[in-house]
Enquirer: 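Handing you a structure now.
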There are 2 protein chains.
Amino acid sequence: MRIGDAAAAAGTTPRALRFYEQRGLLHPPARTASGQREYGPAEVARVRVIRRLLALGLTVDDLASRAHRLDLLAEDRPWRCSATPGLDTFAPVVSARLATLDAEIARLTELRGRLAHHVATGGADLPADT
Amino acid sequence: MRIGDAAAAAGTTPRALRFYEQRGLLHPPARTASGQREYGPAEVARVRVIRRLLALGLTVDDLASRAHRLDLLAEDRPWRCSATPGLDTFAPVVSARLATLDAEIARLTELRGRLAHHVATGGADLPADT
DNA sequence: CTAACCCCTGACCCTTGCGTCAGGGGCAAG
DNA sequence: CTTGCCCCTGACGCAAGGGTCAGGGGTTAG
């Protein structure tokens, strides 16, 4: 499977795959004699895992620092913290992400409230610099 | 008043003032014979207004396209939509910003829910690509 | 006069996850 | 053999709001 097909199978683009490889999320794949990357189903599965974790808001660096555990999250395995030794290496980054999400939601909600208030009152009470 | 003092008075940096000037938020100020920018209290007030609007999430481009109305928001004036003709030129951009804030809050809240769910269940149900 | 700041312009750096060329080579079909 | 699609690497672009030099000049106190 060449990069275009692998990317399509994983729901992304060749550019993204090369990018993940460059950033250490994917092991350098086998190459054909002419230098073209060759992917198998396992790598495609791994890319799918990567995409889902990214969609949850984890960063490329988060995943890169735990690249050696990424295969533990393959979709065809039973993926449970209690049943998958080593999976809990993701717990810190996930809870950190949860915290930043909460902070961000709170910030935006606060902001939304102020902005709506301005509209309602005609903006007579601009807040001080925050 | 030179740029450093003006920036400090407005709670920001010289770089930001030059940036606002370059982007059309500030009129080019008077210059001394040697070319140094000279600011008065009115420009400082204007910068404060700019900073507050930016803090509310409006963009530099939003403000640039309405730069001619910015002085209407000076803090020492009574700032009311109904009493300040022309102020309503900000209404569209403010309501647009409100809409994007709502969308963003909803998105993050959704994300937070999924992430928390993963933690709770051990992540056995990864969502499809979204 | 000179140190110690301050200011000037222009230009590159940052963050994130890739998109988009640019220039050159590979590979199966007609 | 040629067309047409795919792949390679390397490098720049983006969005936003400035930060941070680099190199050169002003200004004011001692």
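The sequence lines fix the lettering, A, B, ..., with proteins before strands; numbering per chain opens at 1. All values below come from the heavy atoms of this structure, side chains included, with hydrogens, waters and symmetry mates left out.
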Enquirer: When all nucleic acid strands are considered with a 4.0 Å heavy-atom cut-off, which category describes Arg23(B): base, sugar-phosphate, or nothing?
Expert: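 Nothing, no heavy atom under 4.0 Å.
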
Enquirer: Does a distance-only test, which skips hydrogens and angles, find a donor-acceptor pair under 3.5 Å between the side chain of Arg18(A) and the base of dT9(D)?
Expert: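 Flag unset: no donor-acceptor pair detected.
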
Enquirer: Nearest whole angstrom, please: distance from the C1' of dC18(C) to the CG of Leu63(A).
Expert: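 From Leu63(A) CG to dC18(C) C1': 15 Å.
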
Enquirer: Starting at the 5' end of DNA chain C and moving along, which residue's nearest nucleotide shows up first, Ala33(A) or Pro14(A)?
Expert: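 Closest to the 5' end, via its nearest nucleotide, is Pro14(A).
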
Enquirer: Please state how far atom CD in Glu38(A) lies from atom P in dC7(D), giving the value in whole angstrom units.
Expert: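 Value for this atom pair: 10 Å.
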
Enquirer: Nearest heavy atom decides the nucleotide; on that basis, is Arg15(A) or Leu58(B) closer to the 5' end of DNA chain D?
Expert: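 Nearest nucleotide further toward 5': that of Arg15(A).
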
Enquirer: With a 4.0 Å limit, can you tell me whether Ser34(B) has a side-chain N or O closer than that to the phosphate oxygens OP1/OP2 of dT27(D)?
Expert: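 Affirmative; the distance criterion is met.
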
Enquirer: Rounded to whole Å, how long is the line connecting atom CE of Met1(B) with atom C1' of dT27(D)?
Expert: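 For the pair Met1(B) CE and dT27(D) C1', the rounded distance is 18 Å.
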
Enquirer: Among the nucleotides dC6(C), dC7(D), dC18(C), which one has an atom lying closest to any side-chain atom of Leu54(A)?
Expert: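 Closest of the options to the side chain of Leu54(A): dC18(C).
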
Enquirer: Can you tell me which nucleotide in dG26(D), dT9(C), dG26(C) comes closest to the side chain of Arg31(B)?
Expert: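 Nucleotide nearest to Arg31(B)'s side chain: dT9(C).
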
Enquirer: Using only atom types and a distance under 3.5 Å, with no angle test, would you say the side chain of Arg48(B) pairs donor to acceptor with the backbone of Gly11(B)?
Expert: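 Side chain of Arg48(B) to backbone of Gly11(B): no pair is present.
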
Enquirer: Find the distance Arg2(B):CZ to dT27(D):P and express it as a whole number of Å.
Expert: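 So the CZ-P distance, Arg2(B) to dT27(D), works out to 8 Å.
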
Enquirer: Any base atoms under 4.0 Å from Thr13(B), or only sugar-phosphate, or nothing? Heavy atoms, all strands.
Expert: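 Sugar-phosphate contact only.
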
Enquirer: Nearest whole angstrom, please: distance from the P of dC18(C) to the CG of Leu17(A).
Expert: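 It works out to 10 Å between those atoms.
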
Enquirer: Check Leu111(A) against Ala55(B) and note the closest heavy-atom contact, atom names and distance.
Expert: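 Between these two residues, the closest heavy atoms are CD1-O, 3.4 Å.
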
Enquirer: Tyr20(B) side chain N/O closer than 4.0 Å to the phosphate oxygens (OP1, OP2) of dG17(D)?
Expert: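 No, because none of the side-chain N or O atoms of Tyr20(B) sits under 4.0 Å from OP1 or OP2 of dG17(D).
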
Enquirer: Nearest to the side chain of Phe19(A), which nucleotide is it out of dC18(C), dG26(D), dC6(D)?
Expert: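 Of all the options, the side chain of Phe19(A) is nearest to dC18(C).
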
Enquirer: Could you please name the option among dC7(C), dG17(C), dG18(D) that lies closest to any side-chain atom of Ala16(B)?
Expert: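 For the Ala16(B) side chain, the nearest candidate turns out to be dG18(D).
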
Enquirer: To the nearest Å, how far apart are Arg51(A) CZ and dG17(C) C1'?
Expert: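 Distance check: Arg51(A) CZ to dG17(C) C1' gives 9 Å.
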
Enquirer: Quickly work out the Glu21(B) CD to dT9(C) C1' distance and round it to whole Å.
Expert: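 From Glu21(B) CD to dT9(C) C1': 12 Å.
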
Enquirer: Is Thr32(A) near enough to dG26(C) that one of its side-chain N or O atoms lies under 4.0 angstrom from OP1 or OP2?
Expert: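 Indeed not, no polar side-chain atom of Thr32(A) lies that close.
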
Enquirer: What is the minimum heavy-atom distance between Arg23(B) and Ala64(B), and which atoms define it?
Expert: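 Looks like O-CB, 3.5 Å.
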
Enquirer: Are any non-hydrogen side-chain atoms of Arg112(B) and Asp102(A) less than 4.5 angstrom apart?
Expert: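 In short, these two side chains touch, coming nearer than 4.5 Å.
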
Enquirer: If I compare all heavy atoms of Glu38(B) with all of Met1(B), which pair ends up nearest, and what's the gap?
Expert: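 Nearest pair, atom of Glu38(B) first, then Met1(B): OE1-N, 2.8 Å.
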
Enquirer: To the nearest Å, give me how far apart CD1 (Ile50(A)) and P (dT16(C)) are.
Expert: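 Value for this atom pair: 17 Å.
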
Enquirer: Counting only side-chain N and O atoms of Arg37(B), is one of them less than 4.0 Å from OP1 or OP2 of dC7(C)?
Expert: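 No.
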
Enquirer: Of all heavy-atom pairs between Leu70(B) and Leu25(B), which one has the smallest distance, and what is that distance?
Expert: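 In this case the closest contact between Leu70(B) and Leu25(B) is CD1-O, 3.9 Å.
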
